[in-house]
Amino acid sequence: MSNPTSQVNHQAAYLSLLKGVKELDFRGPFVPSDLLLIGDHAFPLAMNSKGQVLMAASLYGAGRIVVLGHEGYLTAFPALVENALIWLRGDGSNDPSVFVHNSVRVVSDNLSKSTFQAQVVGGFDSNLKTGVYVTDAYSVGADPKDLVAFMKAGGGVLIAGQAWSWTADHPKENTLHHFDGNKVSGVAGIYFSKNPAEEENLPVYPQIPSSYMAVVVGKDFEDDLQFLLDGVSELAIPNGSLASEVMVHGPLAFPIGVANGGQAFLAGAYYGQGRVIVAGHEGVLSAEANASFWKNALHWLDEGRRGVVGVALNNGINIATNSGLKMEKTGFKKDLSVFVSPSNPQSHWEEIKNFVAEGGGLLIGGHAWYWAQSHGGKNPMTEFGGNKILNQMGLSLLKSTIPAGSHKALDPSQAIKDTYHFRHLLHRFAKHVTVKEKLSKDEEEFLKKLGSDCSTYLNMKAHDSCHYSQVVATLTDILKKSGMPQVSEKCPVKSPKDHLLLNIGAEVYKVCPNPDDLLPYLIRDNPLLPVVHNHRVKIDVSTEGGEEWISTGLYLSPGMKTYVAIPADIVNKGWQIQIGCQTDHLNAAELKRASCVHVRFPVNSEMIQVSNLWGGLIYLVAPPNTQAQGLQAFVQMAVPAPYYKSGVTTQAEWSLLCTAPSPWAELEFDNIILTVPSDVVRRLDHPDKLAVLWNDIMKAIADLAAKPHKFPRKERFVADVQISHGFMHAGYPIMAHRGSATGLVDVDHVKTKGIWGAIHELGHNQQRGCWEFPPHTTECTCNLWSVYVHEVVFGIKRDKAHGAMTLENRNKRMKDYIQGGKQLSGWSMWVALETYMQLQEKFGWDAFKKVFAAYHKMNNFPKDNKGKMNLYAETFSQTVSMNLTGFFKAWGWPIEQATEEKLSSLPAWTDHPMV
């Protein structure tokens, strides 16, 4: 979508078109058409209380157009018409020529006293290159393409009329494409619709008018679906294909193929004088099951021109060869009737849009999910090639996916009523909140989907599109009417409605024109906390694997803004600023916090303003493989957090810092950083003792892994009110529940009771694919570190470290496994750990350290479990100079003869526990 500055242009254009006009009194003899607007450039000039548009303007190419919903308005509003003529001739042009079609010659009489030189003409002359052309909607002439070309080249068009009486006389015809006026105005995204609009006396607003009631779905599409689905009983995403969901969000866009959850994988739209169809995977185009659909679809796109179908997709659309249309393998060119494009075209975006606007057919086939996965940090809604074209047409390819499967074709007569449509449901939800209209059961079930679709839609950041501004305004109104649920542990969010409100709150806050005004409706309890100014952050990093968060010891309150001054050396080098430590995305039926509460900003200038609706700790995020020494950043204003860094923070400093007002605290030791709610550290008197303990733990973890004591990147723990899965989970950071936080910082507790779970997660971060046999050992080998650290650092024996490790439990598991026939399917977690414990009890921890060290020197590992298990048996045997194949076979491992032969010269372990 185009740059955000155009919004200013729309607003400026609106003000100049209505300059000096205080009100528009539409009450009178004229019954206007409701004008239907699409695309990025069309905007309303007058909208009644029902959301119907009576006058509008738009841009096309280098030119401009103003559309009035009845020809009578050309004389009823002389001041507006004069403003329109000035605006239509373009900025800086003083060309006084106005060409007035004979049918509206009265306009030229009204201009006799003005500076314009009006000339009455019998029709449009294709030799005209500049000036303004005025006509009614019924006298566009034999070749409207000439008038479109004039506008595209920079001409101005003023057109007025209504289409409801034409539609009554032509009941079988498609008003959008066949009504004369639409052949010109429709190209610029303004259509005379078949619906009459209600007349009122309207005040002129200082802002472009918007209303959630404005056109939701601009057509019933029944005839289109009847044509497209003729002879089609189902539509398939073929086996082996994973389709992108197609989001249907424009007033002239409609779903065609829908999966069970309301997700569309095939959709169509009108755009200008042309049409478009998009399929979420190219496989949908070549699936045999869809052959009769594609035959219909090509004719729908071609609209009876019987022109050439140009195909730029590799395997193309070969199943529709019997369509009777001429197919040609080619890149984009203007003289095609239909263009079949891949989903990520690299160029011609503008030309393809104009090709469709001027009457061409476009078929885009392919997905966006792979692009989104492989372009992390980029926004698929704005940066993916296909969406640069499709967004304006009211369709977008998403990163969310739909699996292979066959889906029943829609019933054309019920489709708009029965299927999920983004705008339709948003309109219904707005009514539900504003005038308390009840939602149906189906509508309620789709509210969660509507919430995620709103987030996706807002990500288009199409600030210059009136539709986008309208959705933002609608959502802002909804939030101001209903507020956002104040989610917390005591007050979890459960209902679909609250899920939706929680979801959109943060997204609307990011894009609405006045976020400070919205903030009190989103966060009710937001006390002012004391701040520090111009705080210096030292930057000394040397990153190897993965990105690294650099703690600043600072916090931002919800909605609070600050500036960060960045050293020039790291600008545009992949660095980011992150607000918030809770990076887990939640997807749960019951939420104790919003699903995403952190935000990131790219470091692309030396001064960056940052904020986050949810507040959060401030971090600098260094990209992988980065060296930066002796640099410093400055944070203009923020709330101090309890932040202890061993070797830097003194005991005296900590006694003040531990009371700092931020709700989050961080304790940074040699190899690990603990991020916990501040109340957990308020009474932590000796962080130095805790530092010694954690330094010992991390050294032990490195020792067992046979790695240097200094970690390439410090591990991180974050204790959150809710996490994405499990009791804790590994990663960077390791996520734990809030309740575990106290255990992590209480030295006595750790030394007497242990912290099995925390070490288990640190063990996960040490696991390596080359000696891992998923799914068997995924939850097993990480426990080697739990056993080791508890025994070596805390002095807690294994049978006391975890209930599962008592001798009784261990023996029972081994017995059950043997009685069950030693099936590998049952060899996992605690059962599998027994294998390693037996090795440890025979050969000691030293053997494990040597085995891990041996793996550090190897490369080219087998990919399959069988190969990896044989390599492990061989490596362990050679490390302890004993043939262990009998032992591993006794555990049911698939030991090959070749491995036995390799180890046959070593003495066999014959008295192992499995004998």
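Heavy atoms only: backbone and side chains are in, while hydrogens, waters and symmetry mates are out.
- Here the closest heavy-atom approach between residue Ala267 and residue Leu395 is recorded as CB-CD2, 3.7 Å.
- Residue Lys399 places its NZ atom among 12 or fewer non-hydrogen atoms of other residues, nucleotides or ligands, all under 6.0 Å distant.
- Other residues, nucleotides and ligands place no more than 12 heavy atoms under 6.0 Å from the NZ atom of Lys481.
- Taking a cutoff of 4.0 Å between a charged side-chain nitrogen and a carboxylate oxygen, Arg64 and Asp91 qualify as a salt bridge.
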>> Pair Ile389, Met393 - check side chain to side chain contact (heavy atoms under 4.5 Å, CB included), show working.
In response: CA-CA 7 Å; Ile389 297 168; Met393 300 178 175; 3.7 Å; yes

>> Under the criterion side chain to side chain contact (heavy atoms under 4.5 Å, CB included), I'd like the reasoning laid out for Trp549 against Thr583: C-alpha separation, chi angles, the key distance, then a yes or no.
In response: CA-CA 12 Å; Trp549 304 359; Thr583 49; 3.7 Å; yes

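- Minimum interatomic distance between Phe601 and Ser611 (heavy atoms only, all atoms of both residues): CZ-O, 3.2 Å.
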> Checking side chain to side chain contact (heavy atoms under 4.5 Å, CB included) for the pair Leu613/Leu519: CA distance, chi angles, key distance, verdict?
Replying inline: CA-CA 8 Å; Leu613 171 65; Leu519 187 61; 3.6 Å; yes

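- In the model, Tyr212 has a side-chain atom that pairs as donor or acceptor with a side-chain atom of Thr434 under 3.5 Å.
- With values rounded to the nearest 0.5 angstrom, Leu450 atom CG is found 5.0 Å from Leu500 atom CG.
- Defined by atom type and a distance below 3.5 Å, a donor-acceptor pair is missing between the side-chain atoms of Glu666 and Tyr555.
- Between Ile570 atom CD1 and Gln576 atom CD the span is 11.5 Å, to the nearest 0.5 Å.
- Going from atom CD1 of Ile723 over to atom CG of Leu586 covers 9.0 Å, rounded to the nearest 0.5 Å.
- No side-chain heavy atom of Met560 sits under 4.5 Å from any side-chain heavy atom of Pro558.
- Under a 4.0 Å N-O distance rule, the pair Asp720/Arg593 qualifies as a salt bridge.
- Between Tyr619 and Ile577 there is no side-chain heavy-atom pair separated by less than 4.5 Å.
- The two residues Ile504 and Cys454 have their closest heavy-atom pair at CG2-CB, 3.4 Å.
- Between the side chain of Glu23 and the backbone N or O of Val21 there is no donor-acceptor pair closer than 3.5 Å.
- Aromatic ring pairs are classed by plane angle as parallel below 30°, tilted from 30° to 60° and perpendicular above 60°; the pair His375 and Trp371 is parallel.
- Of the possible polar contacts, none joining the Glu489 side chain to the Val721 backbone as a donor-acceptor pair under 3.5 Å is found.
- Annotation: side chain of Leu18 is in contact with side chain of Leu24 (closest heavy-atom distance under 4.5 Å).
- Here the side chain of Ser185 pairs a donor or acceptor atom with the backbone of Ile190 at under 3.5 angstrom.
- Between atom CG of residue Leu518 and atom NZ of residue Lys480 there is a gap of 6.5 Å, rounded to the nearest 0.5 Å.
- For the side chain to side chain contact (heavy atoms under 4.5 Å, CB included) with Tyr14, the lone residue among Pro44, Pro206, Pro209, Cys466 that qualifies is Pro209.
- You'll find the side chain of Val564 stays beyond 4.5 Å of the side chain of Phe634, heavy atoms only.
- For the atom pair NE2 of His427 and OG of Ser211, the computed distance is 8.5 Å after rounding to the nearest 0.5 Å.
- Side-chain polar atoms of Glu383 and Asn379 form no donor-acceptor pair below 3.5 angstrom.
- The shortest distance between side-chain heavy atoms of Leu176 and Leu252 falls below 4.5 Å.
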> Given the rule in the side-chain hydrogen bond (donor to acceptor under 3.5 Å, both in side chains) test, do Asp442 and Tyr420 qualify, once you have shown the distances and angles that lead to the verdict?
Replying inline: CA-CA 9 Å; Asp442 286 351; Tyr420 169 83; over 6 Å; no

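- For Asn587, the CG atom counts as loosely surrounded, since its 6.0 Å shell holds 12 or fewer non-hydrogen atoms of other residues, nucleotides or ligands.
- For the pair Thr562 (side chain) and Met637 (backbone), a donor-acceptor distance under 3.5 Å is present.
- Side-chain atoms of Gln52 come within 3.5 Å of backbone N or O of Glu198 as a donor-acceptor pair.
- Using the six-membered ring where Trp is involved, Phe422 and His249 have ring planes that are perpendicular, over 60° apart on the 30 and 60° scheme.
- Of the N and O atoms on the side chains of Thr401 and Glu245, not one donor lies less than 3.5 Å from an acceptor on the other residue.
- Taking all atoms of both residues into account, the shortest heavy-atom contact from Gly505 to Leu479 is CA-CD1, 3.9 Å.
- Summarising the geometry, atom CG belonging to Asn503 is positioned 6.5 Å from atom OG belonging to Ser452; distances are rounded to the nearest 0.5 Å.
- Between the side chain of Tyr191 and the backbone N or O of Gly272 there is at least one donor-acceptor pair closer than 3.5 Å.
- When Thr456, Asn387, Asn391, Asn459 are each tested for a side-chain hydrogen bond (donor to acceptor under 3.5 Å, both in side chains) with Ser396, only one passes: Asn391.
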> Given the rule in the side chain to side chain contact (heavy atoms under 4.5 Å, CB included) test, do Ser469 and Ile208 qualify, once you have shown the distances and angles that lead to the verdict?
Replying inline: CA-CA 10 Å; Ser469 312; Ile208 295 175; over 6 Å; no

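- Using modelled atom types, one side-chain atom of Arg428 and one backbone atom of Lys438 make a donor-acceptor pair closer than 3.5 Å.
- Here the options are Tyr468, Phe43, Trp87, the test is ring pair (Phe, Tyr, Trp, His ring centres under 6.0 Å), and the partner is His10; only Phe43 passes.
- For Asp498 and Lys494, the salt-bridge test fails: no basic side-chain N is under 4.0 Å from an acidic carboxylate O.
- Taking both residues in full, the closest heavy atoms of Val187 and Ala357 are given as CG2-O, 3.4 Å, listed atom of the first, atom of the second, then distance.
- Geometric assessment of Lys219 against the ring of Phe254 yields a negative cation-pi assignment under the 6.0 Å and 45° thresholds.
- A pairwise comparison of heavy atoms in Val66 and Ala57 identifies CG2-CB, 4.1 Å as the closest pair.
- For the pair Ser605 (side chain) and Met607 (backbone), a donor-acceptor distance under 3.5 Å is present.
- By the 4.0 Å N-to-carboxylate-O rule, Glu444 lies too far from Lys441 to be salt-bridged with it.
- Proximity of a side-chain donor or acceptor of Lys448 to a complementary backbone N or O of Glu445 within less than 3.5 Å is not detected.
- Between Arg600 and Glu547, at least one side-chain nitrogen of the basic residue sits less than 4.0 Å from a carboxylate oxygen of the acidic one, meeting the salt-bridge criterion.
- Under a 4.0 Å N-O distance rule, the pair Asp516/Lys561 qualifies as a salt bridge.
- Looking at Gln578, its side chain does come within 3.5 Å of a backbone N or O of Gly580 through a donor-acceptor pair.
- Counting heavy atoms from C-beta on, the side chains of Leu458 and Ser455 never come closer than 4.5 Å.
- At most 12 non-hydrogen atoms from other residues, nucleotides or ligands lie less than 6.0 angstrom from OH of Tyr370.
- Taking the side chain as every heavy atom from C-beta outward, Trp349 and Asn354 never approach each other to under 4.5 Å.
- Residues Leu502 and Leu591 form a side-chain contact, since some pair of their non-hydrogen atoms from C-beta on lies under 4.5 Å apart.
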